[in-house]
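Take a look at the structure below.
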Amino acid sequence: MLAFKISGYLFLFCLLFLFSTRWVSCSVNYLSHYCPNTTTYSPNSTYRSNLNQLFLVLSSNATRDNGFYSYEVGRGPPDRIEGLFLCRGDVNTDVYEECVRNATTKILQRCPKEKEVVIWYDECMLRYSNISIFSRSEQNIRLILTNTQNITDQPDRIRTVLAATLNELATEAANDLPGKKFATKQANFTAFQTLYTLAQCTPDLSSGQCNACLQDCISNFPACCDLNQGARVNFGSCNIRYEMYHFYNSTLAPAPTPPNRPPPTTNEGNGGMSRQVIIAIAFPTVVSLVICFIGCFLLTRRAKQRRYDAVEEENDEGNDISTIESLQYDLNTVGLATNNFSPDNKIGEGGFGSVYKVKKYNSKYVSIR
Ligand SMILES: *[C@@H]1O[C@H](CO)[C@@H](O)[C@H](O)[C@H]1NC(C)=O
Ligand SMILES: *[C@@H]1O[C@H](CO)[C@@H](O)[C@H](O)[C@H]1NC(C)=O
Ligand SMILES: *[C@@H]1O[C@H](CO)[C@@H](O)[C@H](O)[C@H]1NC(C)=O
Ligand SMILES: *[C@@H]1O[C@H](CO)[C@@H](O)[C@H](O)[C@H]1NC(C)=O
Ligand SMILES: *[C@@H]1O[C@H](CO)[C@@H](O)[C@H](O)[C@H]1NC(C)=O
Ligand SMILES: *[C@@H]1O[C@H](CO)[C@@H](O)[C@H](O)[C@H]1NC(C)=O
Ligand SMILES: *[C@@H]1O[C@H](CO)[C@@H](O)[C@H](O)[C@H]1NC(C)=O
Ligand SMILES: *[C@@H]1O[C@H](CO)[C@@H](O)[C@H](O)[C@H]1NC(C)=O
């Protein structure tokens, strides 16, 4: 009895461990950045040294709280910087740290003299500016990515389900009150297809601001991404994404409430265990440990396989990645764009599910993944 209890706990622990550890070595996916060269600083300026301090503080606080941290450096207007990062609500804290560190390094390569900057990764966003950005909703800086695959079945039903789901999603994220302002939601398109959606605001926004920001994101979808199998709209303060595959981690998505298990009752009576009892404990324990190790081994192998695929894809699309970088100034005009996207932009057929093109105001776009 006791033996089964103990090995049961071990097994549970093992499963929890398996599901809570990221076996994929955490490499982070850079998406794009925005830094208009209209406001710049010089290399030796106080702004630059303040920036170094900002990065230090942001990086060293990366694992704190909800994956969101904001900090302000400098006193006077010319050299004052407000900066923040926001990590996706479903990624693990070790990824926060890597993403923020990666972003602070990369941004200085991409935007070495610009004062106002946003850099987006799959897993996080980093932003700073010489103007006030805290608790303000930024909806002019926008990055729109669409999956190149189309939805072909039942377009009307899909539009309806998508609109309804995204609306509920926005409300949920906005009302995620003390939390991350993060929500995920899934819905059935057909018996075989499921819709997965994710939304997040920077938690410094009020519910009202967050909702308005997300609604603004959603309003882009009909014009930019009608019937694409997936799309994302990223603003400076919020983002929303949908796909036809399970792209987020449901296990981590809503902060898991720790299971409130009663402490195991050891000591079932008198001290000193008989040999049978020891064997009875040891055997199931060993068995569950072996199962655990096999599980770990298989998972690690799978993870390696997946990572390899991803790297290959990235190499295939190498040219496109550099294209997106050379297009950084177009994002500036995207900032001024309203829903003025040409719906019939397209690039070549993508690979499998996750090929994106970036829609730009002037109808330039690239595949990035
Ligand atoms: C979800 O977590 C699993 C394991 O923890 C990891 O392999 C996977 O990459 C994560 N997915 C995302 C989208 O973060
Ligand atoms: C950032 O991430 C990329 C890709 O995962 C990696 O090649 C690079 O070394 C990372 N840089 C830093 C500073 O972590
Ligand atoms: C800003 O970028 C544009 C486009 O690359 C370039 O033509 C212009 O000279 C740049 N301006 C400054 C002040 O660097
Ligand atoms: C931000 O920097 C730009 C360019 O240096 C400057 O024109 C603007 O006044 C600054 N804004 C604030 C609030 O300091
Ligand atoms: C930056 O500072 C270094 C050392 O303080 C100095 O040698 C260099 O000339 C300065 N560069 C500029 C562009 O002011
Ligand atoms: C953030 O990082 C700084 C610099 O490392 C550190 O001094 C500070 O205590 C951190 N803030 C919090 C709230 O932990
Ligand atoms: C997706 O739909 C657009 C517009 O209807 C069409 O031009 C494009 O060829 C389609 N793409 C794929 C991969 O089927
Ligand atoms: C989707 O369909 C499955 C079975 O077809 C059902 O169990 C599930 O509750 C449905 N989910 C929603 C959100 O309707």
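Whatever order the structure lists them in is the order used to number ligands and atoms, beginning at 1. Source: prediction; values computed, not measured.
- Geometrically, ligand 4 and Thr38 share no nitrogen or oxygen pair separated by less than 3.5 Å.
- Protein heavy atom nearest atom 5 (O) of ligand 6, with residue, atom name and distance: Ser60 OG, 2.8 Å.
- Among the atoms of Pro77, some N or O lies under 3.5 angstrom from an N or O of ligand 4.
- Glu82 and Arg80 are joined by a salt bridge, as a carboxylate oxygen and a charged side-chain nitrogen come within less than 4.0 angstrom of each other.
- Note that atom 9 (O) of ligand 6 has no protein non-hydrogen atoms nearby, at separations under 4.0 angstrom.
- When the side chains of ILVMFWY residues are joined at heavy-atom separations under 4.5 Å, either directly or via intervening members, Leu205 and Ile141 end up in two distinct hydrophobic clusters.
- Comparing Thr39, Thr40, Ile81 against atom 4 (C) of ligand 4, the shortest heavy-atom distance belongs to Thr39.
- Closest to atom 2 (O) of ligand 6 among all protein heavy atoms lies Asn61 ND2, 2.4 Å.
- In Arg80, neither the side chain nor the backbone holds a heavy atom less than 4.0 Å from any atom of ligand 4.
- Geometrically, Arg232 does not engage Phe247 in a cation-pi contact, judged by NZ or CZ lying under 6.0 Å from the ring centre and within 45° of the ring axis.
- Residues Gln215 and Asn167 are in side-chain contact: their nearest non-hydrogen atoms beyond the backbone lie under 4.5 Å apart.
- Taking atom 13 (C) of ligand 6 as the reference point, the nearest protein heavy-atom neighbour is Arg64 CZ, 3.4 Å.
- Between Tyr69 and ligand 6 there is a heavy-atom distance shorter than 4.0 Å.
- Nearest protein neighbour of atom 6 (C) of ligand 4, counting heavy atoms only, is Asn130 ND2, 4.1 Å.
- For ligand 4 and Ile131, the ligand atoms under 4.0 Å from any heavy atom of the residue are 11 (N), 13 (C).
- Aromatic ring centres of Tyr128 and Phe55 lie closer together than 6.0 Å.
- Here the straight-line distance linking atom CZ of Arg88 with atom CZ of Arg241 works out to 6.0 Å at 0.5 Å rounding.
- Between Asn130 and Tyr47, the side chains place no donor N or O within less than 3.5 Å of an acceptor N or O (distance only, hydrogens not considered).
- In terms of hydrophobic clustering, with Ile, Leu, Val, Met, Phe, Trp and Tyr side chains grouped at heavy-atom distances under 4.5 Å, Val95 and Tyr69 are assigned to a common cluster.
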